[in-house]
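See structure below.
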Number of protein chains: 2
Amino acid sequence: MNTYKSPGDCLERLRFLDRERIHLCRVAALLQWDEETFLPAGGVEERAEQRAVLEGLAHEKLVCAETGELLDKLRDHASLSGTVSDLQNGAGGFPVADFLRVLRRDYEKAVKIPVDFVRECAKAEALSQAAWIEARKHNDFAAFAPHLEKMIDYAKKKAEFWGWDKNHLYDGLLDFYEPSFGVKEIAAVFSPLRERLQQLLKKIAARPKPVDAFLHQNFDISKQEAFCREVLAGLGFDSKRGRLDVSAHPFTTPLGNNDVRITTRYAPSDPLSGLFSVIHESGHAFYELGVDSALRYSSLADGTSMGIHESQSRLWENVIGRSRAFWKPWFPRFKECFSKEFGETDFENFYRAVNIIAPGPIRVDADELSYSLHIVLRFELEEMLFSGQLSLNELPGAWNTKMKDYLGVECADDAEGVLQDVHWSMGAFGYFPSYALGNLYGLQFWDSLQGALGDVDGFLEQREYGPIHSWLRENIHRKGRSVEPAVLIKEVTGRSLSADSFFRYIEQKYMELYAF
Amino acid sequence: MNTYKSPGDCLERLRFLDRERIHLCRVAALLQWDEETFLPAGGVEERAEQRAVLEGLAHEKLVCAETGELLDKLRDHASLSGTVSDLQNGAGGFPVADFLRVLRRDYEKAVKIPVDFVRECAKAEALSQAAWIEARKHNDFAAFAPHLEKMIDYAKKKAEFWGWDKNHLYDGLLDFYEPSFGVKEIAAVFSPLRERLQQLLKKIAARPKPVDAFLHQNFDISKQEAFCREVLAGLGFDSKRGRLDVSAHPFTTPLGNNDVRITTRYAPSDPLSGLFSVIHESGHAFYELGVDSALRYSSLADGTSMGIHESQSRLWENVIGRSRAFWKPWFPRFKECFSKEFGETDFENFYRAVNIIAPGPIRVDADELSYSLHIVLRFELEEMLFSGQLSLNELPGAWNTKMKDYLGVECADDAEGVLQDVHWSMGAFGYFPSYALGNLYGLQFWDSLQGALGDVDGFLEQREYGPIHSWLRENIHRKGRSVEPAVLIKEVTGRSLSADSFFRYIEQKYMELYAF
């Protein structure tokens, strides 16, 4: 079919095909971004078809016979004139071996999925997401259930196509988001995590609750938005390379190497909800924006795993965004914006309120302790749905029961219960655990960062985020997908992933805050 | 290559290919819409590549061997089991013969253009548009000139590919936008048009000028926008099927059968500029939104020519939007929104100010008389550029000279002169004449509409736009591209296109207004 002779020719052609596919993926991402931000209601059905066409084409580009042939030729380079290793230090520092490894894995995952199935899925996902938006608005789980059932079926079929045994389909999905993590590995981390967090929650429940009534007044949305934009700019988010908009569920999407868009949502009664979503998503965006430009327009220009991605967003949201040092310079400004609402509130009260441990039904608004319990709940329910232990009509009840057991929270309705997250409506099963893994990765990175930078609090107090960005970019972001997560964590921190840093951070912070 | 036996099979496959291509075209349109509304500056370069990939793919879909084979088989249907005529009254009333005719023409136009050229063009266009936006902002024709030169070269090459003789390349471009109109045909209409309009302008210049100082104050942009949205909704624009946003140059783009987006721009010192752009673009949008849903997702789901498209936008903007009857109910509301600015202005003064004949440099802000002179100027300059009578560095000067000759206007700088329009930056040469043709088509339709509906002013005075929409939809919109413009005008009005209706309308309206 093709007549490329030298490894150089093969590689050039492979990079061309990859580049076209990456463009199609970015365009598909624009279709989705637009659907969640600006698409008129009447456009939903046609948009689903458009997405199906685009995602189908991107899939075809990846799985085409030529890609397979080129990958094979480059593996068996002995038979070609010249070798791939000649190309290792190619122009612009493009890491050829990593590119071939990552592309081969993507290719092998994708080639097993029939094109028609990809298109069918993409279309169903778009309809399902639209149905979820409506169902959530009208608190109508029944209206969403048929879509959810389809999404589960599609996810199961996908894992089957990848070659997973009928009894381990959920493992296949978990592995997709975080390579080499399955039900067993995650349960081994999550069971003790759940126990230790529940113990901590009990200790905290016995302590006096900080006052946070001043945070629950009517905060003007446009003033909230202005403050969020100020913080975002202060953090170093370049408005020439990205945007902030509003959507039902906050998300980040890279539409280009220099066009990474984030969204948030504002609640009048909670000025921190929208703000922390902005800070969270900016962490994702900094990761995408920090990928080395040598990798752009290629399969390597992305985060290396969902867990590593979440480590970045959760570092910015929690470790930085909920710290005393961060708020020292920002609180006076926040108080200026809402002088009537904050009145005489002093800094220490505000800081305690920001870090109040108050289990509630909504994951994205959860405190640092409750958050991981929300994740454990989702992981367990997903596992039960995929193993057949739980049927769809039992799901809202099971959700509410676990919510009560783990967090002591009663859900008022399904809109703030089982319908709260976008993920399932997109068929993203197995994704949730990466949020909790992100906490672990994140704190382990943070320990190293502090070791390298010294007085990080001093920087935060001066709103000097440059050194933090530089360290994260140099050690993590710039590498994109060229380094696997398990290798990255060891390369950067000197040790394999463990929960030590996370527990030490959580215990120290909340022992101090709650004085136990 | 394919094994479709019956005309039914062939048609089904052809419609599938066509549908995929239409989806790709809509997606390419979204890329462009986003570029002009929300794209961060850093994303321009990558967006150009994305557009190139999408437009290349859409082109490939159209020119693929299979399309050609299927078209041939369906033309030579005698050799197949069953005939195309069996399909004429197919399910959903889809007009098969029109579809085959239009698709064959598009195919034959496109198959002559090499795919690589299409991609190169698309990429250059995106860069050119971005350069134009900057050049216009900084009044820097020199910065835009290299892009413009490229756009002219590409347009010439395109006409050559289509098979036009080197001496008639501009004819090829004109014909593309308005079939069977070339330099000779258009000059034959435009020369007398220019003379008659110049005569009218002279008569008007001798009459006292209406007062319009009250229209040139500082009109708050957000209040302007609110009023525009109110008018747009009042006209019957369904926000579930479209959007209104802001861009450097107003435009309309259909991103789907139920997602047609328009843009405008607001000037603080002129509350009518943004408003009339909104009304103009809504006329385009009503056309697209009125196409029969049986035609959707096919090559027939679009306006039949640029001239017919402009007839719709200019009907709404001028014939309706600048009429006494239209403003009777809207003026009191407009006055409410800007009570301080309008003060004691009475209706008759306002109506006269709305229709003031005041030649100025900007086409989109031009009065109904000057407008066509702006078009004649552009047509003549395009003709000179393509015939080699004018070089690019002479262009700004030639622009200014003609502007002075035809309209008596001095351009302050190139930003309000040769740089004012987006069209050339997109390589859309030969497009401008369709604006003036639109005036002629539009008034001829309007005569028939009035004949059918009777007291149209009565409807306008009641803000009852339903009967007008129904008539336009039934007679023009629903047909999409299934009827050619020359056939359509005869089918709807009983006669071929002439300037009679337009002249009668213009002369009556302005004789009354200026009492000569």
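Letters A, B, ... are given to chains in the order of the sequence lines, protein chains preceding strands, and every chain is numbered from 1. Side chains included, hydrogens not; waters and symmetry mates left out as well; all remaining heavy atoms used.
- When the shell of 6.0 Å around NZ of B/Lys240 is examined, it contains 12 or fewer heavy atoms from other residues, nucleotides or ligands.
- The distance from the CG atom of A/Leu30 to the CD atom of B/Glu35 is 11.0 Å, given to the nearest 0.5 Å.
- Residues B/Val27 and A/Arg47 have side chains not in contact (no heavy-atom distance under 4.5 Å, counting atoms from C-beta outward).
- Proximity to chain B is limited to the side chain of A/Leu54, based on heavy atoms less than 4.5 angstrom apart.
- A donor-acceptor pair is defined here as one N or O able to donate and one able to accept, closer than 3.5 Å; such a pair exists between the side chain of B/Glu46 and the backbone of A/Asn257.
- For CD of B/Glu12, the number of neighbouring non-hydrogen atoms (other residues, nucleotides, ligands) closer than 6.0 Å is 12 at most.
- Ring geometry for B/Phe38 against A/Phe38 counts as parallel: the plane angle stays under 30°, on a 0 to 90° scale with 60° as the upper cut.
- Taking 4.0 Å as the cut-off between side-chain N and carboxylate O, B/Glu45 and A/Arg296 count as a salt-bridged pair.
- Your options are B/Arg241, B/Glu49, B/Arg51, and the one with the most heavy-atom pairs under 4.5 Å with chain A is B/Glu49.
- To the nearest 0.5 Å, atom CG of residue A/Leu57 and atom CG of residue B/Leu57 are 6.0 Å apart.
- With values rounded to the nearest 0.5 angstrom, B/Ile22 atom CD1 is found 11.0 Å from A/Gln50 atom CD.
- The nearest pair of heavy atoms linking A/Arg243 to B/Pro40 is CG-CG, 3.8 Å.
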